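Shown next, in structure tokens, is the structure this report addresses.
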Amino acid sequence: MMETLDFERAWLAKFSTCLDEAAGEETRQQVMAGSAALSAQSSSEEVIAWTQGAMERLGMLVDEGTASQVMACCACQYPKQGLQAARQAYEETGDLVAVHRMLQAQFEAFLRNSLELKEEHVEEVVSRGWGLAGILDGDRIFATKIPKSGYLAAYMEESDPEKRRQYYCHCPRVREVLETHESLPVTYCYCGAGFYKGIWEEILREPVEVEVLESVLGGDEVCSIAVYLPMRTQ
């Protein structure tokens with residue numbers, strides 16, 4: 001199961017640190033049991049089996065809120081340097097609408113210039129409210145992940161719902177689970193929700209909360225996340 005050479009060990013190291021910080025050393029040791037044998041060379045069957053066991057142990061040892069906190073901490077993060085213009089604009093103006101507009105423009109430029117999507121696909125992605133900025137609704141962001149960049153064009157052309165879900169997820173573990181018809185709890189998807197948590201905490205420099213609303217792991221067509229921003233004083 002090789003997405004990148006060090007994906008397994010790097011993710012496991014983050015998971016271990018997040019467990020220690022949120023749940024303590026004893027819980028970390030119990031949940032991480034058996035992980036030392038995993039690496040980028042491990043089979044998908046080994047990785048899925050261990051992950052299923054780890055999530056089961058996590059669910060037994062901590063409450064749902066703590067489990068979600070652990071998983072959100074494990075997320076891949078948007079490069080911080082790409083958020084500094086938005087962060088500075090927010091510091092100077094406090095204008096959340098303007099900052100949201102900046103992120104949307106940044107995202108659309110990424111679709112056109114980096115991914116080189118056909119304009120019809122760019123328009124479809126934007127019309128669905130997918131991507132980096134999401135939809136701003138007062139003090140909430142409703143964000144829908146785009147399919148994994150490397151599979152986005154294939155996703156847009158695919159008509160089979162099952163294959164579309166397999167193309168969709170950014171996580172190699174989840175793609176393997178979907179392909180093999182195994183299962184993981186939707187709590188695992190807080191790892192993806194943490195991506196948006198990291199974006200807005202970097203911009204606002206305040207804690208934000210996230211909630212998974214839809215997930216391909218749960219049989220939905222997309223993964224959507226609510227980001228609850230700190231209440232702003234008028």
Side-chain angles (χ1 to χ4, degrees), residues 72 75-87 89-90 93 95-172 174-175 178-179 186 188-204 208-229 232:
C76 296
Q77 296 296 326
Y78 192 85
K80 287 187 177 182
Q81 64 268 27
L83 300 172
Q84 296 315 300
R87 185 177 74 80
Y90 186 76
T93 68
D95 189 339
L96 191 58
V97 174
V99 169
H100 179 264
R101 195 178 300 123
M102 289 176 67
L103 288 183
Q104 182 63 24
Q106 190 170 318
F107 174 64
E108 291 182 28
F110 168 72
L111 295 178
R112 291 186 173 95
N113 303 330
S114 297
L115 297 188
E116 299 181 339
L117 284 190
K118 298 176 183 177
E119 191 60 30
E120 65 194 75
H121 290 164
V122 173
E123 292 174 2
E124 182 176 353
V125 168
V126 171
S127 70
R128 294 188 185 191
W130 291 1
L132 181 66
I135 297 171
L136 177 63
D137 178 19
D139 292 306
R140 299 174 298 179
I141 301 283
F142 294 104
T144 302
K145 281 187 171 285
I146 64 169
K148 180 173 171 58
S149 298
Y151 301 144
L152 182 51
Y155 174 92
M156 301 298 281
E157 301 289 346
E158 183 57 64
S159 59
D160 181 83
E162 188 172 319
K163 289 184 179 178
R164 282 167 71 89
R165 280 194 289 272
Q166 292 169 15
Y167 283 140
Y168 186 88
C169 190
H170 295 227
C171 176
V174 175
R175 291 200 301 274
L178 293 171
E179 288 173 11
V186 171
Y188 185 90
C189 294
Y190 275 84
C191 184
F195 173 78
Y196 292 97
K197 180 178 173 70
I199 288 171
W200 287 102
E201 288 185 342
E202 177 64 22
I203 291 171
L204 304 180
V208 305
E209 298 298 323
V210 289
E211 179 185 6
V212 174
L213 304 177
E214 297 177 279
S215 167
V216 293
L217 265 181
D220 297 306
E221 292 184 2
V222 297
C223 295
S224 62
I225 294 102
V227 183
Y228 300 102
L229 306 175
R232 293 168 288 155

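Keep in mind that this is a model prediction, so the values were computed, not measured. The figures that follow rest on heavy atoms only: side chains count, while hydrogens, waters and symmetry mates do not.
- Of the possible polar contacts, none joining the Arg87 side chain to the Leu204 backbone as a donor-acceptor pair under 3.5 Å is found.
- Looking at Arg175 and Glu179, no side-chain N of the basic residue comes within less than 4.0 Å of a carboxylate O on the acidic one, giving no salt bridge.
- Here Cys223 contributes atom SG and Trp130 contributes atom CH2; the two are 10.5 Å apart, rounded to the nearest 0.5 Å.
- Nearest heavy-atom pair, Tyr188 versus Val174, reported as atom, atom and distance to 0.1 Å: CE2-CG2, 3.7 Å.
- Judged by distance alone, the side chain of Tyr155 and the main-chain N or O of Ile146 form no donor-acceptor pair under 3.5 Å.
- Tyr196 approaches Leu132 most closely through the heavy-atom pair CE2-O, 3.8 Å.
- Between Ile199 and Gln77, the shortest heavy-atom distance links the atoms N-OE1, 4.5 Å.
- To the nearest 0.5 angstrom, Ile225 atom CD1 is 8.0 Å from Cys189 atom SG.
- The two residues Ala143 and Gly131 have their closest heavy-atom pair at CB-O, 4.5 Å.
- Taking OH from Tyr90 and CG from Leu83, the interatomic distance works out to 14.5 Å, rounded to the nearest 0.5 Å.
- Closest approach of Cys191 and Ala75 over heavy atoms only: O-CB, 2.8 Å.
- Under a 3.5 Å cut-off, the side chain of Asp95 and the backbone N or O of Val97 do form a donor-acceptor pair.
- Annotation: the span from Arg128 atom CZ to Glu123 atom CD amounts to 13.0 Å, rounded to 0.5 Å.
- For residues 97-106, the set of pairs meeting the side chain to side chain donor-acceptor pair (under 3.5 Å) definition, not counting sequence neighbours, comprises Tyr78-Gln106, Gln104-Glu108.
- Not one N or O on the side chain of Lys148 forms a donor-acceptor pair closer than 3.5 Å with the backbone of Cys171.
- With hydrogens and angles disregarded, no donor-acceptor distance shorter than 3.5 Å links the side chain of Glu221 to the backbone of Pro161.
- Looking at heavy atoms from C-beta onward, Ile141 lies out of side-chain contact with Val208 at the 4.5 angstrom threshold.
- Judged purely by atom type and a 3.5 angstrom limit, Tyr190 uses its side chain to pair as donor or acceptor with the backbone of Val212.
- Val125 places a side-chain heavy atom less than 4.5 Å from the side chain of Met156.
- Within the structure, salt bridge (Lys or Arg N to Asp or Glu O under 4.0 Å) pairs that include any residue of residues 153-166 comprise Lys118-Glu157 (at least two apart or interchain).
- To the nearest 0.5 Å, the span separating NE2 on His121 from CG on Leu111 amounts to 11.5 Å.
- Between Lys145 and Tyr168 the shortest side-chain heavy-atom distance falls below 4.5 Å.
- Tyr228 places no side-chain N or O within 3.5 Å of a backbone atom of Glu211 that could act as its donor or acceptor partner.
- Looking only at side-chain heavy atoms (C-beta outward), Asp220 and Leu213 stay at 4.5 Å or farther from each other.
- Here the closest heavy-atom approach between residue Val99 and residue Ala86 is recorded as CG2-O, 3.7 Å.
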